[in-house]
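The structure under discussion appears below in the form of structure tokens.
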Amino acid sequence: MAHHVPLDVDDVIEGVVDHLLHVSYDERTVLRLTSTGDGGESVTAVGKALFGVQPGESLRLRGSWAHHLRYGRQFRAERCERTVPADERAIRLYLASGMIRGIGPALAAAIVDTFREQTLKVIDAEPERLLNVHNIGEIRLGRIMAAWQEQKAIAEIMMFLQQLGITPGLAVKIYTTYADTDDDPIDVVRRSPYRLCRDVYGVGFVNADKIALAVGVPKHSEERLQAALLHELDQAGGQGHCHLPVHVLLARTRQLLSDDDPATAEILDDVVLRHALQTLSGQGEVVTERLPLPVMDGTDAVADTEIALLARRHRDETQLAWHVRRLLGSSPALADLADWGQRLTALTTAETAGLTEEQYQAIHTALTRSLSVLTGGPGCGKTHTLRTLVEVADEAGAVVALAAPTGKAARRLEETCGQAAMTVHRLIRPPDGDSLFDHASILETADLVVIDETSMLDLALARKLFAAVREGCHLVLVGDTDQLPSVGPGCVLRDLLEVDAIPRTRLTKVFRQHDDSAAIVINAYRILRGDLPEDDPRAFWNRPIPGAEDIAQRVVELVCDVMPKHLEVRAEDIQVLCPGKKNLAGMTDLNLRLQQRLNPPADHKPQHFHDGCAFRLGDRVQQVRNNPHRGDTGVFNGSSGTVTGVDVEAHQLTVTFPGGETATYPFTDLDELVHAYALTVHRSQGSEYPYVVIPMINAAGMMLLQRNLLYTAVTRARDGVMLIGQREAVERAVANNRTQRRNTALTHRITHTATLPPRPQTPNGQLAWD
């Protein structure tokens with residue numbers, strides 16, 4: 001066991017970061033730094049205060065020296081300040097690091113060789129002298145000057161924010177958010193800090209509040225109370241809720257703002273908080289209303305409840321309800337196209353014959369009703385049903401459109417039905433201009449739209465989908481209600497199934513029990529019944545390991561060595577799925593470990609550190625939020641790809657997605673990506689992988705160790721599952737069927753409207769809500 005032996009305390013060292021050695025899941029950073037003092041010794045520095053630093057930066061560290069019994073002498077940094085590079089070597093490393101766009105290692109060496117220790121002064125005060133350096137012309141000089149001014153502005157923000165504990169990455173985000181606007185970033189930070197919550201992705205209320213209090217915003221200010229209320233409603237959305245009961249919202253806001261100051265209690269009185277909520281309502285940012293909604297007590301009781309929700313979620317929920325009623329009330333165009341019962345009865349080919357009564361009913365309903373739902377678990381024949389539905393519709397001359405929430409799910413649907421499928425985002429938002437495959441008019445002409453993996457549809461995406469489907473078109477929603485609900489707010493599939501007027505078919509007969517992967521299906525249903533999964537030498541392996549560190553190490557061995565060797569598969573065919581992000585053997589920790597084995601650093605692999613994580617050429621990554629403006633046609637939450645370019649001089653990397661589409665990410669936008677060697681189970685929804693490794697640890701907690709989470713993880717695998725970890729964690733997950741019910745009002749809004757309201761229109765005749 002290693003111990004730290006303190007040497008001196010309250011020491012100060014200055015130097016230039018050579019490279020990062022290690023960044024762990026708890027943000028503990030280890031780096032090598034060359035001291036700018038006498039001798040320029042190489043120092044190992046360690047500490048959370050170093051999180052987010054970049055190679056080439058000049059630092060002043062305060063802390064103490066210690067001796068690690070294994071790694072030797074180290075500087076344990078308690079505080080970290082950025083400084084201006086002082087000597088020639090520091091300047092050379094700073095410029096070569098790529099922090100100034102347009103200057104790479106070779107050009108940095110040429111500039112410093114020319115101007116020596118006066119380099120930074122020349123760039124700042126006499127930039128035209130750079131034209132004397134080989135390979136610098138007017139165009140490149142302009143780029144360097146623009147990048148230099150940007151770095152100076154960012155440095156000013158960093159100097160102001162670092163004393164508040166705000167990470168350098170967020171300081172850069174703040175600058176870039178306002179760089180192309182009329183707002184001065186420093187002015188926003190000093191005068192309107194709570195704007196950062198809304199404008200800058202990743203800042204959040206806690207950081208904005210820390211800044212606000214530091215610049216003198218009073219604790220009792222109306223702006224602060226409003227920001228706290230909005231934060232709690234936004235956080236509720238992150239937990240899947242569309243609204244909060246007002247009494248819950250006020251209680252959570254009080255808890256957020258409570259501190260040891262006796263004066264704080266006065267500003268957290270119900271009357272004061274309700275006034276702030278009313279102000280937000282008057283400004284159109286929040287909607288409050290009373291609705292008869294289910295009581296969250298495990299019963300079927302309903303009570304008149306005062307709720308509050310963000311205006312955009314109220315818009316999504318009310319408009320989705322309107323469009324559901326619109327489609328239910330429309331005349332199905334295909335109903336009279338053919339005698340569907342006769343066509344289905346006449347099926348004789350091996351691919352389409354042998355329909356069960358449930359499958360027959362599902363297809364017949366889809367072809368005769370304008371809106372229907374098809375549900376069922378793995379191996380129950382959804383694939384056969386969908387393939388038959390599409391074939392019968394095609395033979396009758398109907399135009400069919402297929403889509404799913406993620407790219408992987410769309411590709412599986414395409415393989416199932418033998419016809420082109422796309423993501424829901426692309427179905428409802430065609431690419432601009434010409435493309436090799438222009439689907440701009442598909443929804444205008446489609447007679448039948450099939451959406452697979454509907455359990456993944458959140459409220460906002462479902463609203464856009466329903467709004468885009470024309471009257472007369474048939475919309476078929478396919479999904480598994482036992483899987484996890486959507487990552488975003490809402491529980492759309494469940495809510496729709498609670499509307500009696502919507503036709504639905506649930507497939508219950510299980511077919512897939514005789515091939516090598518049958519154990520996956522069998523164990524999935526065992527989990528649903530509350531039984532523990534059983535070992536099967538062909539496709540399901542259950543390996544108990546007691547310790548979290550041992551579990552993490554074993555996962556890496558399985559993915560990198562054992563499974564590729566014994567199963568003759570590639571590591572890329574194995575996906576690690578974790579209950580959560582944090583702790584040992586969580587997603588963040590395992591991504592760092594797997595990256596180190598599967599894609600270690602090398603001289604030929606450019607990389608960039610963002611918030612302590614190295615994004616390296618060849619990395620597997622996944623998009624974590626919707627960005628319709630990224631790439632040619634947008635990149636959406638859940639899209640997975642590979643880093644195929646890291647341009648240190650241009651400050652950007654390129655990700656290539658399946659199908660060959662690429663997207664460019666400025667370094668400041670890398671919080672849109674996570675590494676995908678390991679994913680949370682939630683992030684795997686809609687995907688299928690040849691093999692899945694599921695590490696289970698008690699530290700994940702009861703909120704994550706749930707039956708539907710383990711069921712979802714197991715059903716992501718096609719050929720094999722390796723369930724590894726603490727047996728108690730597996731037992732807890734299987735036994736825990738108390739999934740948290742989400743606060744939604746969609747069912748009420750659909751069923752408790754006496755008549756379909758008039759179609760809202762704008763002056764140009766378009767739907768006002770679309």
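Heavy atoms only: backbone and side chains are in, while hydrogens, waters and symmetry mates are out.
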### Task
Take Val324 and Ile502 through the side-chain contact (heavy atoms from CB on, under 4.5 Å) test and state the conclusion after the steps.
CA-CA 9 Å; Val324 170; Ile502 298 177; 4.1 Å; yes

### Query
Do you know which two heavy atoms are closest between Leu577 and Ser684, and how far apart they sit?
CD2-CB, 3.4 Å

### Query
What is the distance from atom CD of Gln483 to atom CG of Asn708, rounded to the nearest 0.5 Å?
9.5 Å

### Task
Starting at CD of Gln361, measure out to CD of Glu358 and round the result to the nearest 0.5 Å.
10.0 Å

### Query
Checking side-chain contact (heavy atoms from CB on, under 4.5 Å) for the pair Ser486/Leu457: CA distance, chi angles, key distance, verdict?
CA-CA 6 Å; Ser486 59; Leu457 285 181; 6.0 Å; no

### Task
State, with a plain yes or no, whether a side-chain heavy atom of His384 is found less than 4.5 Å away from one of Gln359.
yes

### Message
Can you tell me how far apart NZ (Lys464) and CD1 (Ile428) are? Round to the nearest 0.5 Å.
### Response
6.0 Å

### Task
Report yes or no: does Arg463 contribute a side-chain atom to a donor-acceptor pair with the main-chain N or O of Leu320 at less than 3.5 Å?
no

### Query
Does the side chain of Val424 reach to within under 4.5 Å of the side chain of Phe636, using non-hydrogen atoms?
no

### Message
Salt bridge check, Asp669 against Arg630: does any charged N sit closer than 4.0 Å to a carboxylate O?
### Response
yes

### Query
Can you tell if the side chain of Arg506 reaches within under 4.5 Å of the side chain of Thr481, non-hydrogen atoms only?
yes

### Message
Quick check for you: to the nearest 0.5 Å, what is the distance between Thr423 atom OG1 and Arg411 atom CZ?
### Response
10.0 Å

### Task
Using a 4.5 Å cut-off on heavy atoms from C-beta on, say whether the side chain of Val635 contacts that of Tyr665.
yes

### Query
Are there more than 12 heavy atoms of other residues, nucleotides or ligands under 6.0 Å from atom CD of Gln283?
yes

### Message
Please evaluate residues Glu471 and Arg326 with respect to the criterion side-chain contact (heavy atoms from CB on, under 4.5 Å), reporting the C-alpha separation (whole Å), side-chain torsions for both, the decisive distance (0.1 Å), and the verdict.
### Response
CA-CA 8 Å; Glu471 291 184 16; Arg326 173 178 65 84; 3.3 Å; yes

#### Entry: Carboxylate-amine/guanidinium proximity below 4.0 Å for Arg749 and Glu317
yes

### Task
For the pair Gln652 (side chain) and Gly645 (backbone), establish whether a donor and an acceptor sit closer than 3.5 Å, ignoring hydrogens and angles.
no

### Query
Do you know the tightest heavy-atom contact between Ser370 and Ser330?
CB-OG, 3.7 Å

### Summary
When every non-hydrogen atom of Ala717 is compared with those of Val721, the smallest separation belongs to CB-CG2, 3.4 Å

### Task
For a side-chain hydrogen bond (donor to acceptor under 3.5 Å, both in side chains) with Asn637, tell me which candidate from Arg683, Arg625, Gln623, His425 qualifies.
Arg683

### Task
Return the minimal non-hydrogen interatomic distance between Cys578 and Ala678, and the atom names on each side.
SG-CB, 4.2 Å

### Query
Quick one: does Leu493's side chain get under 4.5 Å of Ser455's, heavy atoms only?
yes

### Query
How long is the span from the CG atom in Leu389 to the CH2 atom in Trp340, to the nearest 0.5 Å?
9.0 Å

### Flag side-chain contact, heavy atom, 4.5 Å: Ile451 against Leu427
yes

### Close side-chain approach of Gln419 to Leu402, heavy-atom, < 4.5 Å
yes

#### Entry: For the student: nearest non-hydrogen atoms of Ser640 and Pro658, plus distance
O-CD, 3.1 Å

### Message
Rounded to the nearest 0.5 Å, what separates atom NE2 in His364 from atom OG1 in Thr505?
### Response
11.0 Å

### Message
Donor-acceptor check, side chain of His241 to backbone of Asn743, threshold 3.5 angstrom: yes or no?
### Response
yes

### Test side-chain contact (heavy atoms from CB on, under 4.5 Å) applied to Gln575 and Arg620, step by step
CA-CA 11 Å; Gln575 182 63 56; Arg620 289 156 58 182; 3.3 Å; yes

### Task
Check step by step if salt bridge (charged side-chain N to carboxylate O under 4.0 Å, His left out) holds for Glu661 and Arg426.
CA-CA 13 Å; Glu661 296 183 47; Arg426 298 213 174 132; 2.9 Å; yes

### Task
Using atom types as modelled and distance alone, determine if a side-chain donor or acceptor of Thr454 lies under 3.5 Å from a backbone N or O of Val478.
yes

### Query
Where the side chain of Arg716 meets the backbone of Gln685, is there a donor-acceptor pair that is under 3.5 Å apart?
no

### Task
Using only heavy-atom distances, determine whether the side chains of Asp199 and Thr177 contain a donor-acceptor pair under 3.5 Å.
no

### Query
Do Val714 and Ile520 come close enough that some side-chain heavy atom pair is under 4.5 Å?
yes

### Closest approach of Ala524 to Pro378 (non-hydrogen atoms, all atoms of both residues)
CB-CG, 4.2 Å

### Query
Are any of the side-chain nitrogens in Arg470 or Asp447 under 4.0 Å away from the carboxylate oxygens of its partner?
yes

